[in-house]
Asker: 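Can you keep this structure in mind? I'll have questions shortly.
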Amino acid sequence: MSENTLVPFSFIEESKEEQENKRKMYQFFVGIDIGASFHVAACIPFHAFTDPKGREWKRAKTMKFDANSVGLTQFLQALKQMEEQFGFQREDFLVLMEPTGGHYSFLLQQVLLNERYEVYLVENSSVKEFREKTLGISEKSDAMDAKIMSYMGWHKTLHPYMKGVSLLNPASVTQSIFRTLTRDRWLMNTQLTRRKNQVQQLLVVTHPDLKMAFKKLSSTSVLKFVLKYPTGQDLKLATEEELRVAIAQAGAKKVAKKASKALAEVAVNSIVVDVPHLVGRQEWVIQEALRIEESIKQIDTYIGELLHGNPNKGIQPHPYTELLYSLPFMSDNWACTLIGAIGNVDRFNTYKEFKKYLGVSAENKQSGTSVSGSRMTYSGVRDARRVLFQMAMIMLATKSQPSVFSTYYQRLIDRKMNGKKAIGHMCGKIAKILYTVLKTGQKYDPKKHAEATGIPWNSIYDKRVKKGNTEQFYQAALDYAGASTTDDTEVVEVEDI
């Protein structure tokens with residue numbers, strides 16, 4: 001038979017180069033269950049998983065070590081003893097662990113990476129799903145989860161393209177810093193909103209006429225003014241000039257004269273109720289709100305330094321900052337959120353993978369074998385998805401200065417597409433452009449964008465909005481983005497190992 005004849009079981013032999021480039025099998029699979037006070041690790045050899053009865057890997061011993069320097073050192077020594085005992089190298093070990101809140105696992109991640117071990121993360125939910133659905137094990141313990149992660153590493157090595165197990169790259173130090181700052185700022189802003197709402201409720205009783213002088217009772221200047229004049233009774237005891245000075249010192253110089261006059265006029269007939277317990281609570285809540293507001297300003301300053309650099313502190317500008325700010329609309333908070341979510345764009349192989357990670361890709365609505373349409377994916381990083389929706393909405397709201405993106409949106413609307421769905425498509429377009437900009441290292445060019453999408457060029461598209469009120473679209477963006485997306489995807493799936 002000729003060598004070139006194909007038979008039913010013929011195969012193409014790999015070239016020598018392909019064989020050399022193929023990664024060898026790992027010899028040990030390490031699974032680590034992360035905890036706040038201690039971690040539990042399992043180190044299982046390859047052959048233990050080939051036991052026909054499936055018992056050997058389950059009987060493997062686990063190591064419990066404290067989440068401190070002593071415990072981590074003991075764990076590293078145990079791994080080195082395994083290397084010396086069996087004559088293996090660092091590259092023979094595959095380490096899997098849970099992200100678990102980010103910080104609890106971060107130190108151990110960095111220690112292992114610095115020791116040149118291959119480390120991947122596996123989402124907490126996937127460990128449970130793999131244990132119950134794939135292995136049919138109901139037992140839930142730290143030791144069992146560590147063994148399950150070892151099994152998942154072995155499974156992924158044998159079947160690198162199967163989607164049952166997703167291995168994730170650990171977040172870099174820079175990405176973790178940006179992500180933590182974004183989340184801290186969000187939490188503080190939520191607390192600040194709650195405190196200001198509490199103050200406004202208290203002012204209805206202590207200062208019923210204050211709104212006659214100020215439009216926004218939750219502003220910083222009003223809060224500082226109320227600290228000096230806690231109730232309407234205190235206003236009666238002050239002159240108009242004293243009120244003007246106090247308002248100016250609180251930071252509202254532009255309206256001080258007009259506001260002091262209004263307060264002096266209404267204070268005469270102001271209804272006052274003696275509520276000392278509410279006054280005490282009002283003072284505490286205001287002080288707490290001002291403290292949180294100051295902390296947010298400090299975070300914003302630090303974010304600005306990380307993005308734009310600070311020569312005095314030896315901080316260099318982030319390489320993505322200038323690229324992100326080439327887009328029609330951008331802010332420091334948005335840039336920080338996106339960098340914290342994306343990390344290094346080279347982790348993504350295609351823009352489709354990038355869009356899905358940011359939570360703005362389309363997926364089929366499927367029940368069984370029937371497909372009834374498409375919808376936006378439920379997966380992805382929640383914070384990044386919210387930012388993309390905010391960007392889309394502020395582009396649409398700025399009627400006097402349209403962009404190529406908003407023109408693209410209008411074209412979808414002209415096709416009778418639902419408005420919310422069109423915004424979703426617009427977010428996907430922003431993500432695609434964002435991917436191209438970061439991948440190529442070239443700034444956004446609206447003229448090229450217009451040409452690529454077949455939109456007639458208008459020079460006004462090339463203008464940038466230096467400062468826009470992004471906060472007004474925050475809640476609406478949350479509603480559009482939905483609450484079903486996850487925020488524990490700090491990392492991106494690796495196609496093979």
Side-chain angles (χ1 to χ4, degrees), residues 185-186 188-273 275 278-297 299-300 329 331-334 390 393-394 396-401 465-479:
R185 191 186 188 282
W186 177 80
M188 285 191 174
N189 196 57
T190 301
Q191 295 175 13
L192 179 61
T193 301
R194 183 179 294 114
R195 295 306 181 200
K196 286 187 174 182
N197 288 339
Q198 291 173 339
V199 172
Q200 291 187 77
Q201 294 173 15
L202 292 170
L203 291 178
V204 173
V205 180
T206 60
H207 264 299
D209 302 314
L210 199 61
K211 54 181 173 291
M212 301 294 292
F214 301 101
K215 292 182 179 179
K216 191 176 181 180
L217 299 184
S218 61
S219 65
T220 303
S221 56
V222 173
L223 296 181
K224 291 181 178 180
F225 175 76
V226 173
L227 280 180
K228 188 167 185 178
Y229 295 96
T231 67
Q233 179 64 38
D234 297 305
L235 295 180
K236 291 183 177 182
L237 303 177
T239 64
E240 181 178 334
E241 177 61 19
E242 289 174 337
L243 294 176
R244 186 193 67 79
V245 173
I247 294 173
Q249 290 177 345
K253 293 182 180 180
K254 293 183 179 181
V255 300
K257 186 175 181 180
K258 183 178 178 180
S260 61
K261 183 178 180 180
L263 287 177
E265 290 176 353
V266 300
V268 178
N269 300 316
S270 179
I271 297 177
V272 180
V273 180
V275 281
L278 290 184
V279 174
R281 180 169 180 262
Q282 175 180 276
E283 180 181 1
W284 174 84
V285 174
I286 290 177
Q287 290 177 343
E288 181 71 7
L290 294 175
R291 183 190 64 79
I292 295 173
E293 200 166 57
E294 184 61 31
S295 297
I296 292 176
K297 290 180 180 179
I299 290 179
D300 288 341
F329 294 85
S331 69
D332 282 359
N333 288 332
W334 285 358
Q390 279 184 290
M393 294 173 70
I394 198 172
L396 298 178
T398 312
K399 302 293 185 182
S400 61
Q401 191 171 314
V465 174
K466 295 183 179 179
K467 187 176 181 180
N469 184 7
T470 62
E471 295 298 327
Q472 62 178 318
F473 300 101
Y474 181 82
Q475 187 57 49
L478 283 180
D479 295 338

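All values derive from a computational prediction rather than experimental measurement.
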Asker: Show your reasoning for whether side chain to side chain contact (heavy atoms under 4.5 Å, CB included) applies to Val199 and Val226.
Answerer: CA-CA 10 Å; Val199 172; Val226 173; 5.9 Å; no
Asker: For the atom pair CD1 (Ile296) and CG (Asn189), what is the distance rounded to the nearest 0.5 Å?
Answerer: 5.0 Å
Asker: Of the non-hydrogen atoms in Tyr229 and Asp234, which two are nearest, and what is the gap between them?
Answerer: CD2-O, 3.7 Å
Asker: Mind checking the CZ-CG spacing from Phe225 to Leu235? Nearest 0.5 Å is all I need.
Answerer: 5.0 Å
Asker: To the nearest 0.5 angstrom, please state how far the CD atom of Glu265 sits from the OG atom of Ser260.
Answerer: 9.5 Å
Asker: Which heavy atom of Ala259 sits nearest to which heavy atom of Ile247, and what is that distance?
Answerer: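 Looking at all heavy atoms of both residues, the shortest contact is CB-CD1, 3.7 Å.
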Asker: List the steps and the verdict of side chain to side chain contact (heavy atoms under 4.5 Å, CB included) for Trp334 and Ile394.
Answerer: CA-CA 12 Å; Trp334 285 358; Ile394 198 172; 3.7 Å; yes
Asker: Give a yes or no on whether the backbone of Pro230 and the side-chain of Gln282 come within a donor-acceptor separation of less than 3.5 Å.
Answerer: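 Pair found, side chain donor or acceptor close to backbone of Pro230.
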Asker: Is a side-chain N or O of Asn197 found less than 3.5 angstrom from the main chain of Thr193, in a donor-acceptor match?
Answerer: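 Yes, Asn197 side chain to Thr193 backbone: donor-acceptor pair under 3.5 Å.
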Asker: First locate atom CG of Leu202, then atom CD of Glu283, and finally report the distance between them rounded to the nearest 0.5 Å.
Answerer: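 Between Leu202 CG and Glu283 CD, I get 12.0 Å after rounding to 0.5 Å.
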Asker: Considering all heavy atoms of both residues, which atom of Leu217 and which atom of Leu223 are nearest to each other, and what is their separation?
Answerer: O-CD2, 4.1 Å
Asker: At their closest point, which heavy atom of Ala248 faces which heavy atom of Lys253, and how far apart are they?
Answerer: O-CG, 3.7 Å
Asker: Is Arg185 close to Asp300 at the side-chain level, that is, under 4.5 Å between some pair of heavy atoms?
Answerer: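 Side chain of Asp300 against side chain of Arg185, heavy atoms only: contact under 4.5 Å found.
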Asker: Yes or no on salt bridge (charged side-chain N to carboxylate O under 4.0 Å, His left out) for Lys228 and Glu242, after CA distance, side-chain angles and deciding distance?
Answerer: CA-CA 11 Å; Lys228 188 167 185 178; Glu242 289 174 337; over 6 Å; no
Asker: Among Glu288, Glu293, Gln287, whose side chain to side chain donor-acceptor pair (under 3.5 Å) with Arg291 holds?
Answerer: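 Among Glu288, Glu293, Gln287, the one meeting side chain to side chain donor-acceptor pair (under 3.5 Å) with Arg291 is Glu288.
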Asker: Once rounded to the nearest 0.5 Å, what's the spacing between atom CD1 of Ile286 and atom OG of Ser218?
Answerer: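 So the CD1 of Ile286 and the OG of Ser218 are separated by 11.5 Å.
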Asker: Could you pull out all residues at least two apart from Asp209 that satisfy side-chain contact (heavy atoms from CB on, under 4.5 Å)?
Answerer: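 Partners of Asp209 under the side-chain contact (heavy atoms from CB on, under 4.5 Å) test: Met212, Val266, Ser270.
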Asker: Of all residues at least two apart in sequence or in a different chain, which pass the side-chain contact (heavy atoms from CB on, under 4.5 Å) check with Gln233?
Answerer: Thr231, Lys236, Leu237, Val272
Asker: Given the rule in the side chain to side chain contact (heavy atoms under 4.5 Å, CB included) test, do Asn333 and Trp186 qualify, once you have shown the distances and angles that lead to the verdict?
Answerer: CA-CA 10 Å; Asn333 288 332; Trp186 177 80; over 6 Å; no
Asker: Out of curiosity, Lys297 NZ to Ile299 CD1, how far, rounded to the nearest 0.5 Å?
Answerer: 13.0 Å
Asker: Restricting to non-hydrogen atoms, name the atom on Ala289 and the atom on Arg195 that form the minimum distance, rounded to 0.1 Å.
Answerer: CB-CB, 3.9 Å
Asker: What's the shortest heavy-atom distance between Ala264 and Glu240, and which atoms?
Answerer: CB-CB, 4.0 Å
Asker: Side chain of Thr398, backbone of Gln401: donor and acceptor closer than 3.5 Å?
Answerer: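 No; zero donor-acceptor contacts below 3.5 Å.
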